[in-house]
Amino acid sequence: MSESPEFHPDLEKVLISSDEIQARCAALGAELTAAAGGEPLHLIVILKGAFMFVSDLVRHLPVSTTVDFMAVSSYGASTKSSGTVRIVKDLHHDIAGRRCMIVEDIVDTGLTLQYLRGYLSGHHPASLQVCSLLSKPAARKVEVEVDYTGFEVPEEFVVGYGLDFDERYRGLPYIGVLKPEAYGG
Ligand code: IMP
Ligand code: MG
């Protein structure tokens, strides 16, 4: 890994460097821009994990791109999904007839995304796609479609670049794997 930010002592390893993330955001932005074909895209960003990803991604999207936020909770202070999804903050803007893109930090079991796809489809968007920074295909409990993926990661608990463990590590500019002792494992 070529980047310099200090390697956090709670981490076992850095999985994806800051440089790799930045390059992937530019490439994803170009892909989404081409696919939108000049039509405005409405981003539905899932807080909190996706806040850093969207801030980099949106810089590579046309100025017609609009952004709304939702917050859902499915994890407590643990590394396992509870399987129960709760809306903590709902949409601010109506999405009926709009081309929408859910922006997620990570698709793990797929339960959160399955719930969100169902909930948002009920609001009748013109189209509904998903762009997730990370995907852990080996951890799926339900089949969900992810239209754009930044990186596939192994079935390990990752933190950094927006992703937390117990609200910590979100500010790291790279993605790493926590040492088991850092989450009491
Ligand atoms: P899912 O419902 O199991 O797919 O999990 C979705 C949410 O769980 C993500 O949006 C994350 O907030 C959280 N999550 C899943 N895996 C990880 C991980 O490895 N690190 C940090 N958060 C995770
Ligand atoms: Mg989280």
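Just follow the structure's listing: the first ligand is 1, and inside any ligand the first atom is 1. Since the model is a prediction, treat every value here as computed from it, not as a measurement.
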_Residue pair I44 / I95: nearest heavy atoms and the distance that separates them_ =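 Where I44 meets I95 most closely, the heavy atoms are CD1-CG2, 4.0 Å.
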
With a 4.0 Å cut-off on heavy atoms, is [X] touching ligand 1?
{"X": "E156", "value": "yes"}
{"X": "I106", "value": "yes"}
{"X": "G110", "value": "yes"}
{"X": "D164", "value": "yes"}
{"X": "D105", "value": "yes"}
{"X": "K48", "value": "no"}

Got a donor-acceptor contact below 3.5 angstrom from the [X] side chain to the [Y] backbone?
{"X": "R170", "Y": "M52", "answer": "no"}
{"X": "K48", "Y": "E167", "answer": "no"}
{"X": "D68", "Y": "H93", "answer": "yes"}
{"X": "S132", "Y": "L134", "answer": "yes"}

*Sequence neighbours left out, what passes salt bridge (charged side-chain N to carboxylate O under 4.0 Å, His left out) with R117? Give chain and number order.*
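Result, salt bridge (charged side-chain N to carboxylate O under 4.0 Å, His left out) vs R117: D147.
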
*So is L163 polar-close to ligand 1, meaning N/O to N/O under 3.5 Å?*
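No, L163 has no N/O under 3.5 Å of an N/O on ligand 1.
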
*Is there any N or O on V158 that sits under 3.5 Å from an N or O of ligand 1?*
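Between V158 and ligand 1, an N or O pair is found under 3.5 Å apart.
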
*Would you tell me which option among T109, V144, L116 has the nearest heavy-atom contact to atom 3 (O) of ligand 1?*
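Nearest option to atom 3 (O) of ligand 1, by heavy atoms: T109.
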
*Step by step, work out the side chain to side chain donor-acceptor pair (under 3.5 Å) result for S127 and R98.*
CA-CA 7 Å; S127 63; R98 302 173 80 169; over 6 Å; no

